[in-house]
There are 2 protein chains.
Amino acid sequence: MEILEKLGRDLRDKKFIVMLARCSVSYEGRARSFLGTGDRLIIIKNDSSIIVHQPVGAMHVNYMKNAYISVNGSTIIARSSDGRERLIIEIEDIYDYSSRRMIDNESITLSGDEREMQEYIYEHPDIISRDFKPLSREAITRYGYIDILGVEQGSYVIVECKRIKAGMPEVEQLHRYVERFKKEKGVERVIGVMIAPSISDPAYRYLMDKGYRFVRFSPPGILRKQGKRHKDLNQFLNGN
Amino acid sequence: MEILEKLGRDLRDKKFIVMLARCSVSYEGRARSFLGTGDRLIIIKNDSSIIVHQPVGAMHVNYMKNAYISVNGSTIIARSSDGRERLIIEIEDIYDYSSRRMIDNESITLSGDEREMQEYIYEHPDIISRDFKPLSREAITRYGYIDILGVEQGSYVIVECKRIKAGMPEVEQLHRYVERFKKEKGVERVIGVMIAPSISDPAYRYLMDKGYRFVRFSPPGILRKQGKRHKDLNQFLNGN
DNA sequence: GGGGAGAGATGCCGC
DNA sequence: GCGGCATTTCTCCCC
């Protein structure tokens, strides 16, 4: 396949390369994987990242960032920069091949993320409670990465924000911050608040067990699945 | 651009489509994003997944799984199946276009994952300790998803496996299982063991604070970065 | 379908 | 470089 010679030149020229090919793929490094023969899309980017896509699914099936890529016969070999990983693509047929110089100076701007939610709550503290007064945001202190720290009726309040449904790990995160804060600050009473659009039933129970508070809040302007209204605590105590 | 008419036909035919194009991309749904004009790779798969790649980086910049995709003039519009998300690509120029019927009946096989590590430890319990006797693996009981449950000198042992370096959340996971197990089983003494190739310093301190044990172990046959030998506990107590 | 947890997670930011 | 943490996380698996 003389097109593989062109591939060699394009690799040296750091071009953006796209191939539709029948191939098999094997990987060894942080784990091992093998993918038998089939039709795939192979992408080699300007920065020598290599990505393999199957005909379905949003995610790649194999990839390597910033690889050293070489061609040997009909085999493409990619090695990671630290030498501990290896991706091998055996090309059986090339259906389509194109290479280009691609120019893109833009980078994506994202909004509606957790940081934005934090800012919103910081600006609208009454979402937490009528008496809540925020003190600091993203407090990267030795107590941990507290999303929002504030006070309420003379007690410290630690707020943990989640833009999506909260689960067990999120409750534990809050608990860790509260415990550390208590210990290092030497205070007895610290109020823990989890604020999220929804929370899983087990996580809610866990949160209540720890004596923390849940505030339901969906960041405005985000189209998100509406969580079901949460059962009252009594239903947990009586039911099950 | 008459090629956009071909795109319409290919979409109806559920072909695999690859385009190199200058375009801008906006997304709205679980969050919002905007990406100004630049050269991009646009992939539309057999299952109507749509993916946008910039010229560098292993990850896509925008995507949508299983979308409803339509073309209006030079605009590609993808809507999520639940109607809550929208991806809009404004095409300014098409450099390259190809479409194909792609056939791939293979699926990837992966080894060297955590399950394999669990199996290995279960078969070689002396890795944990000379007296450790495993009882069950992946115990999805009401005590939680315990990786390995066993006994040692008449005490229950809960083992949490990590194939990569353990951090704070992993220690908390172990702690949660131990606490639940104690409470629901009504036993006082339960031994907690974290087994991983390495552990972060803060996580190690946290683990020691809780009174648990760390076992350094790298699954065999995996090329993984060698973690530095961990400092002795005394260094933590004396230092800082 | 919900929930928990792993992933070759990746990527970002702060120290 | 390490560490913690969010991610339009995605994916699998079990209940």
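Naming convention: chains lettered A, B, ... in sequence-line order (proteins, then strands); numbering from 1 in each chain. Nothing here was measured: the structure is a model prediction, and the numbers come from that model. All values below were derived from every heavy atom in this structure, side-chain atoms included, with hydrogens, water molecules and symmetry-related copies excluded.
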Rounding to an integer number of Å, can you tell me how far [X] [atom1] sits from [N] [atom2]?
X	N	atom1	atom2	answer
A:M59	C:dT10	CE	P	9 Å
B:R32	D:dT8	CZ	C1'	12 Å
B:M117	C:dA5	CE	C1'	15 Å
A:R137	C:dG14	CZ	P	11 Å
A:E114	D:dG4	CD	P	17 Å
B:M64	D:dC10	CE	P	11 Å
B:I164	C:dG6	CD1	P	10 Å
B:N66	D:dT8	CG	C1'	15 Å

With a 4.5 Å cut-off on side-chain heavy atoms, are A:M168 and A:Y206 touching? yes
With side chains defined as the heavy atoms from C-beta onward, is the minimum distance between B:H124 and B:Y120 less than 4.5 Å? yes
Nearest-neighbour nucleotide for the [X] side chain, [options] considered:
X	options	value
A:P202	D:dA6, C:dG3, C:dG8	C:dG3
A:D113	D:dC2, D:dT7, C:dG6	D:dT7
A:E160	D:dG3, C:dG3, D:dA6	D:dA6

Spacing of the P atoms in C:dG4 and C:dG8 (rounded, Å): 22 Å
C:dA5 and D:dT8: how far apart are their P atoms, nearest whole angstrom? 23 Å
Does [X] make a side-chain N or O approach to OP1 or OP2 of [N] shorter than 4.0 Å?
X	N	answer
B:Q173	C:dG6	yes
A:R163	D:dT9	yes
A:Y63	C:dT10	yes
A:R30	C:dT10	yes
B:R180	C:dG4	no

Counterpart residues, side chain to side chain donor-acceptor pair (under 3.5 Å), relative to [X] (two or more places apart):
X	result
B:D39	B:Y95
A:N66	none
B:E90	B:T75

Considering residues, nucleotides and ligands other than B:Y122, do more than 12 of their heavy atoms fall under 6.0 Å from its OH? yes
Just to verify, what does B:E114 make a salt bridge (Lys or Arg N to Asp or Glu O under 4.0 Å) with, not counting sequence neighbours? B:K162
Using salt bridge (Lys or Arg N to Asp or Glu O under 4.0 Å) as the criterion, list what pairs up with B:E172, not counting sequence neighbours. A:R176
Heavy atoms under 4.0 Å, any strand shown: does B:V61 hit a base, just sugar-phosphate, or nothing? base
Watson-Crick and G-U pairing of DNA chain C, under 3.5 Å, as dot-bracket with | and [ ]: |||||||.|||||||
5'-most contact on DNA chain C (nearest-nucleotide basis), A:K65 vs A:N62, goes to A:N62
Contact nearer the 5' end of DNA chain C, comparing A:A203 with A:R115: A:A203
Most 5' of B:G167 and A:A58 on DNA chain D, judged by nearest nucleotide: B:G167
Using the rule for Phe, Tyr, His and the six-membered ring of Trp, do B:Y145 and C:dG4 stack at under 5.5 Å and under 30°? no
